[in-house]
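Take a look at the structure below.
Here is how names work: the chains are called A, B, and so on, in the same order as the sequence lines, proteins then strands, and each is numbered from 1.
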There are 4 protein chains.
Amino acid sequence: MLEELKHDVCRANQALVRHGLVTLTFGNVSGIDAERLHVVIKPSGVPYAELQPAQMVVVDLSGTVVEGDLRPSTDTPTHLLLYQHFAQVGGITHVHSRFATMFAQARREISCLGTTHADHFHGSVPVTRPLSPAEVEHAYEANTARVIVERFAHLDPKVMPAVLVAGHGPFTWGRDAAASVVNAVALEVVAEMAFGTRVIDANAPDLEQHLLHKHHERKHGKDAYYGQDW
Amino acid sequence: MLEELKHDVCRANQALVRHGLVTLTFGNVSGIDAERLHVVIKPSGVPYAELQPAQMVVVDLSGTVVEGDLRPSTDTPTHLLLYQHFAQVGGITHVHSRFATMFAQARREISCLGTTHADHFHGSVPVTRPLSPAEVEHAYEANTARVIVERFAHLDPKVMPAVLVAGHGPFTWGRDAAASVVNAVALEVVAEMAFGTRVIDANAPDLEQHLLHKHHERKHGKDAYYGQDW
Amino acid sequence: MLEELKHDVCRANQALVRHGLVTLTFGNVSGIDAERLHVVIKPSGVPYAELQPAQMVVVDLSGTVVEGDLRPSTDTPTHLLLYQHFAQVGGITHVHSRFATMFAQARREISCLGTTHADHFHGSVPVTRPLSPAEVEHAYEANTARVIVERFAHLDPKVMPAVLVAGHGPFTWGRDAAASVVNAVALEVVAEMAFGTRVIDANAPDLEQHLLHKHHERKHGKDAYYGQDW
Amino acid sequence: MLEELKHDVCRANQALVRHGLVTLTFGNVSGIDAERLHVVIKPSGVPYAELQPAQMVVVDLSGTVVEGDLRPSTDTPTHLLLYQHFAQVGGITHVHSRFATMFAQARREISCLGTTHADHFHGSVPVTRPLSPAEVEHAYEANTARVIVERFAHLDPKVMPAVLVAGHGPFTWGRDAAASVVNAVALEVVAEMAFGTRVIDANAPDLEQHLLHKHHERKHGKDAYYGQDW
């Protein structure tokens, strides 16, 4: 079942390596089918170089494995709950990419300091609150999604397709698995440049609001004029 | 038309990847024909690995597409206006390369701290002023060129083939498309080394004027003795 | 003798290059046989690209070469003494990887700032005390192991498979040679992210104890649910 | 003439690229023949990928081209004077590698902070004084060698095979061209780790003298026991 989705999710996982976003096996990408009934996700702890579409695991939204011989990624409950709350999201990526993780560990938002950021993320990339001991003890991975959803109470996941989980690392999303990887790539470079900008000048100003808005609109707004009309 | 120029511009765009200057599709190179009537530029949002010379877009100086099936780079109006004001420039590169963009985001000039810098850029690499809300609202990309030209009121684009657009990133230029990429490569390494030098010593001195002048002259002056007489 | 172990140790040494952990010939991996009588180790000063399993050197625990035409790694006495004291260790890696070495040179522990760290190392990665002039003068390499063992008086090498030797660099270990390389890879990325986190915020907090414990247990505890049951 | 030396010098120049020590064409390696009458050096401004042994330029110690169709590296007079003063040196490398150049631009010695440094350089890597306007105006490249030689009045080039030219970059040397490249590789990694160590702790201590001496002796002393007796 879902052969095309398995293929896309497998390719998206492999793209993490090509983009330098993963070390060892720290990272996973998933995609949800059009009916939003089944999620296809990377098996846990399998090296990227060996990944085959047939190894992708199909789970339903309760987390039950519907197809696949391997155990799904440990982070599967986080992915599932995010799909349930973020209705327009078709793909999710979780990595421990270096610079985004540094900000997650420092528990600092990534301020929008330039147009590269504005092209992808509409404002500062938010950080979750830390999980309580009880939230870690039981249903830790589902609770990771809950603090993300809580943080997005007043944020639109469509214009802010990324979050930093405090002390952990980033999650990004998009219309499909490949788009969530593109946002993970963009987040990492934006994090690296924010890091360096603030080393040059700890008080470097945020991008002007009018410029943030302009860049986001020219790429994602209803009159977008960046890219091609494929 | 302009098949050779399309070939050169295509190759120059692909060189951005080889030199590590671009992430995703953030970057574009253009070239102008000898008559300075037509500009060949990368199509918008097309991955570099797939670029073919036949996909390059030909526009006239008003921005009208003269040949090509794809939409030209969003930054085309910036390129066009720069060609009109900088008469000796034959090629232009725009990237969001990491270290040059950090300085653009911090809105700090890149001081000339060593001979690597002096070999390519005669003095500090300048930063534009920020654009006003009105300049961003209407004709944003053309206004980006206008603030560059304004910044060069007392600078010679021939000896300073680079600028940092505040909150955005670098533009570089040269006698042709390939030369503008070489200057983008040089700018990035010079930016990285200036970044690190000032981490080691925040008060590291600028290169002595006599040494700046010497290095620039031995490579670019009328009695240049660096390189070969091809 | 020990052909399979030679093969594994040779591959593990070559993996150091693929993971970017070594420059020139600074690094070596060894493995011990099941009977804990013989250690297989890289020959000293041989380039990784040329390494062949047949070149691996077999030594007994006194350091006598039992098989092999080449001189074993200079650091062999350090490896041998660690095997004698850390009974569950089957493989040891020593590298001068950049970020781990920076912490070793700064003589600073690597604090546990995030879950990437907690997935591999249970708490701060410790630093040894400096060796005295007498310890350096005689049996320097064996004394390097002695200060490591001394530092582990109250630490369990199974949950803390890494140490930083002051002014020198890291040693990591694991159940076999390959596992010790995985820990060297994890240590380097954890060191890089700790470095960057503390640049963003010099007072970034350590990971909460409950989260440190959770991540370590889900991967290494008796009810581990990360990875596959191969 | 000197076909073998041309081959070795060509290979050594190409190794600069493989080791990530050069950007564009900033770097050159030379070697001197056994009689110390002729020096073989890279031609100026030729891309490394295209270098052929037959393109190497042979000059005598006065700088006269004895064989070769291309102009020798601009830095040839620096190499020639160093060979005349440093009698045991058989090969010289000049690069603008990033971290070594940052220290040269900051005009700061690279302190010996660890054993990686001690394995290659016996103490702090020195910096020259700046050249005066007159020294830059006439015979600039030869004067670059003169300030290096001046800086080595009380240093032994055999145990300190590297120098940082203030505001410029490093020169390294060795018994032949390949050995000078190895020292350039070692210098760059040592510079990067010194940079990071001092970011972690601005007051990180120099390596203890007894450890500096031990590491240098075990690799380079008369009772050296690192590497093989080839």
Side-chain angles (χ1 to χ4, degrees), chain C residues 20 22-28 43-47 49 55 57 68-77 94-110 130-138 140-141 143-144 164-169 191-192 194-196 198-199 202, chain D residues 15 18-21 97-99 110-120 174 178-179 181-220 223-230:
Chain C
V22 291
T23 304
L24 300 172
T25 61
F26 321 157
N28 41 71
S44 182
V46 175
Q55 291 178 313
V57 186
D69 299 326
L70 297 168
R71 195 182 287 171
S73 169
T74 315
D75 299 307
T76 301
H94 171 50
V95 290
H96 292 197
S97 60
R98 285 155 211 241
F99 285 91
T101 302
M102 291 173 195
F103 279 91
Q105 292 190 160
R107 294 148 196 240
R108 290 272 182 98
E109 293 188 344
I110 305 175
L131 280 79
S132 69
E135 286 168 334
V136 168
E137 182 66 24
H138 302 292
Y140 165 55
E141 290 81 7
N143 286 329
T144 298
L164 305 175
V165 176
H168 188 156
E192 180 174 355
F195 176 91
R198 288 276 159 89
V199 169
Chain D
R18 200 169 59 249
H19 288 295
L21 294 179
S97 60
R98 286 155 210 241
F99 286 91
I110 304 175
S111 303
C112 179
L113 301 174
T115 61
T116 322
H117 186 120
D119 280 336
H120 295 89
V181 172
V182 166
N183 284 328
V185 172
L187 181 65
E188 182 62 8
V189 70
V190 156
E192 179 173 355
M193 298 199 305
F195 176 91
T197 302
R198 288 276 159 88
V199 168
I200 294 172
D201 181 355
N203 301 310
D206 280 17
L207 192 69
E208 292 80 0
Q209 273 299 120
H210 53 274
L211 204 47
L212 163 61
H213 192 68
K214 176 73 176 184
H215 266 262
H216 206 270
E217 287 300 299
R218 78 174 193 172
K219 198 158 174 183
H220 303 287
D223 298 320
Y225 56 96
Y226 181 99
Q228 308 295 332
D229 304 317
W230 298 111

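Looking at C:Val165, there are no atoms closer than 4.5 Å to chain D (heavy atoms on both sides), in backbone or side chain. With a threshold of 4.5 angstrom between heavy atoms, D:Ala186 approaches chain C through its backbone and through its side chain. Heavy-atom distances place the backbone of C:Ser132, and not its side chain, under 4.5 Å from chain D. Proximity to chain D is absent for every atom of C:Glu135, based on heavy atoms less than 4.5 angstrom apart.
Using modelled atom types, no side-chain atom of C:Arg98 and backbone atom of D:Met193 make a donor-acceptor pair closer than 3.5 Å. Judged purely by atom type and a 3.5 angstrom limit, C:Ser73 uses its side chain to pair as donor or acceptor with the backbone of C:Asp75.
Note on D:Gly114, D:Pro205, D:Ala204: by heavy-atom pairs under 4.5 Å with chain C, the leading option is D:Gly114. Of the listed residues (C:Ala106, C:Pro133, C:Ala166), the one with the most heavy-atom contacts under 4.5 Å to chain D is C:Pro133. Interface summary for chain D: among C:Glu137, C:Gln105, C:His96, the most heavy-atom pairs under 4.5 angstrom belong to C:Gln105. In terms of non-hydrogen atom pairs under 4.5 Å with chain C, the most contact-rich of D:Leu211, D:Ile200, D:Asp201, D:Val182 is D:Ile200.
The environment of NE2 in D:His210 is crowded: more than 12 heavy-atom neighbours from other residues, nucleotides or ligands sit within 6.0 Å.
Side-chain atoms of D:His215 and D:His117, non-hydrogen and from C-beta on, never get closer than 4.5 Å to each other.
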Item to complete: Please step through ring pair (Phe, Tyr, Trp, His ring centres under 6.0 Å) for the pair C:Phe26 and D:His120, ending with a clear verdict.
Response: CA-CA 11 Å; C:Phe26 321 157; D:His120 295 89; 5.3 Å; yes
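The pair D:Arg198-D:Asp206 counts as a salt bridge, with a side-chain nitrogen and a carboxylate oxygen less than 4.0 angstrom apart.
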